[in-house]
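Counting convention: from 1, in listed order, for ligands and their atoms alike.
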Amino acid sequence: MHAHLAGTVALITGAGTGIGAAISRALARDGAAVVLVGRRPAPLEDVAAQIRASGGTASVFTADISQRAQATRAVEHAISEFGRLDIVVNNAGAMLVGPVADAPEGEWERMIDVNVNGTLYITQTALPHLRKSTNTGPRQVSDIVTISSTAGRVARPGTAVYSLTKFGVNAFSEALRQELQPQRVRVGVIEPGNVDTELASHTRVELHEGVQAQINSIERLMPEDIADAVTYMVGRPRRVAVNEILVRAADQSW
Ligand code: NDP
């Protein structure tokens, strides 16, 4: 096992499916003990079982991170279980596409609650522990990685509010990067293009056909392609800060 993250602890939100599951497996493979956070227990337990079967260490915590108290408890669980925290991956997210004029009540709130508020709550609660790990950790550096999107760089019709949340986490991450830079807590964003996950399936039924047509028009990225970017970002020596990685599908023009 390639174990350059041995002795570290990583918390990943949205770890039961898609990109979060791939990131969790990759960080565990690199030696981190991983704390898997999400709302549905079954997929989280499945990923934990895969990790343990490969010789890794994983702990599951069920939480809706858009609720501040639950986000706080998720971070506290990592500390009570493993005694430290070195890496946080803000991956949980929702994408509900469609024109602004037609958006049903509640869709914008669902995206803002998890993509923005969940990221803020987890990050703030984790901060004291990440700071501490820069002194006590095997790497002498800590990492906050947020999974943004190409939609955090380019706004397009149909994804106005999703883009708002992803531009938002990019801005938050850049300000936070400057605040934390003297303390060796590195802050980075990964901006995936179109990845083969269940993300788009939550779009309302009447828009499914159009969304699927666009998705199926190209060869999509795999979740592991994004996990590669995360392991590259957190795997750098402490003198290196990779703050932003944009990963498009090669077929993707937007
Ligand atoms: P998934 O739908 O598979 O993953 C989203 C994860 O977030 C799920 O595991 C879900 O688990 C979790 N989640 C959602 N809401 C909450 C919540 N309130 N509290 C805790 N966990 C929550 O899709 P992806 O893997 O594609 O998405 C992961 C990230 O990647 C997202 O931030 C997304 O915006 C981003 N992204 C994805 C792209 C793609 O093409 N797929 C492109 C660019 C960015 P549960 O429902 O059990 O809580």
Review point. Under 3.5 Å, N or O to N or O, is Val195 touching ligand 1 that way?
Key: yes

Check your understanding: Does NZ or CZ of Arg84 come closer than 6.0 Å to the centre of the six-membered ring of Phe82, within 45° of the ring's axis?
Key -> no

Point to revise | Tyr162 neighbourhood, listing ligand 1 atoms whose heavy-atom distance to it stays under 4.0 Å | key: 33 (C), 34 (O), 35 (C), 36 (N), 43 (C), 44 (C)

**Study point:** Electrostatic pair Glu105:Arg110 at N-O distance under 4.0 angstrom
**Key:** no

Practice item. Look at Glu107 together with Arg204 and state whether they make a salt bridge at an N to O cut-off of under 4.0 Å. Key: yes

Practice item. Would you mind listing which atoms of ligand 1 come within a distance below 4.0 Å of any non-hydrogen atom of Ala63? Key: 19 (N), 20 (C)

Point to revise | Within-cut-off N or O pair, Arg40 and ligand 1, under 3.5 Å | key: yes

Point to revise | Nearest protein heavy atom with distance in Å, relative to atom 44 (C) of ligand 1 | key: Ser148 O, 3.1 Å

Review point. Within less than 4.0 angstrom of ligand 1, does Arg110 place any heavy atom?
Key: no

Check your understanding: Hey, is the main chain of Ile147 close enough, under 3.5 Å, to the side chain of Lys166 for a donor-acceptor pair?
Key -> yes

Point to revise | Donor-acceptor contact below 3.5 Å, side chain His208 vs main chain Ser201 | key: yes

Review point. For ligand 1, is there an N or O atom under 3.5 Å from any N or O atom of Val37?
Key: no

Check your understanding: Counting heavy atoms only, which of Asp196, Asn91, Ile147 is nearest atom 31 (C) of ligand 1?
Key -> Asn91

Exercise for review: Identify the protein heavy atom lying closest to atom 46 (O) of ligand 1, giving its residue, its atom name and the separation to 0.1 Å.
Suggested key: Arg39 NH2, 2.9 Å

Review point. Numbering the atoms of ligand 1 from 1, which are under 4.0 Å from a heavy atom of Gly18?
Key: 3 (O), 25 (O)

Review point. Less than 4.0 Å between a side-chain N and a carboxylate O, is that true for Arg73 and Glu76?
Key: no

Review point. Who pairs with Glu198 by salt bridge (Lys or Arg N to Asp or Glu O under 4.0 Å), at least two apart in sequence or on another chain?
Key: Arg40

Exercise for review: Could you find the nearest protein heavy atom to atom 8 (C) of ligand 1 and give me its residue, atom name and distance?
Suggested key: Thr17 OG1, 3.2 Å

Review point. Do side-chain atoms of Thr123 reach the backbone of Leu120 as a donor and acceptor pair under 3.5 angstrom?
Key: no

Study note, to complete from the structure: Nearest non-hydrogen contact to atom 42 (C) of ligand 1 from the set Ser149, Ala200, Gly193 belongs to Gly193

Review point. Got an N/O contact under 3.5 Å between Ile65 and ligand 1?
Key: yes

Practice item. With atom 5 (C) of ligand 1 as the reference point, say which of Gly93, Gly14, Ala15, Pro43 has the nearest heavy atom. Key: Gly93

Check your understanding: Nearest protein heavy-atom contact for atom 22 (C) of ligand 1: which residue, which atom, what distance?
Key -> Ala92 CB, 3.7 Å

Check your understanding: So, Gln183 and Arg131: side-chain donor and acceptor under 3.5 Å apart, yes or no?
Key -> yes

**Study point:** Check: Asp30 side chain, Ala3 main-chain N or O, donor-acceptor pair, under 3.5 Å
**Key:** no

**Study point:** Any donor-acceptor pair under 3.5 Å from Asn194 side chain to Arg220 backbone
**Key:** no

Review point. Near Asp64, which atoms of ligand 1 are under 4.0 Å from a heavy atom of that residue?
Key: 17 (C), 18 (N), 19 (N)

Exercise for review: Under 4.0 Å from a heavy atom of Val114: give me the atoms of ligand 1 that qualify, with their elements.
Suggested key: 15 (N), 16 (C), 17 (C), 18 (N)

Revision key, fill the gap. Checking heavy atoms under 4.0 Å, the part of Met95 that sits near ligand 1 is neither

**Study point:** Shortest protein contact, atom 24 (P) of ligand 1 (heavy atom only)
**Key:** Thr197 OG1, 3.4 Å

Practice item. Note the single closest protein heavy atom to atom 25 (O) of ligand 1, along with its residue, its atom name and the distance in Å. Key: Ile19 N, 2.8 Å

Check your understanding: Does the side chain of Gln50 come within less than 4.5 Å of Arg25's, by heavy atoms?
Key -> yes

Exercise for review: Distance to 0.1 Å, residue and atom name: give those for the protein heavy atom nearest to atom 37 (C) of ligand 1.
Suggested key: Leu199 CD2, 3.5 Å

Check your understanding: Which residue holds the protein heavy atom closest to atom 2 (O) of ligand 1, what is that atom called, and what is the gap in Å?
Key -> Glu198 CG, 3.4 Å

Review point. Using a distance-only test with no angle check, is there a side-chain donor-acceptor pair under 3.5 angstrom linking Thr146 and Asn90?
Key: yes

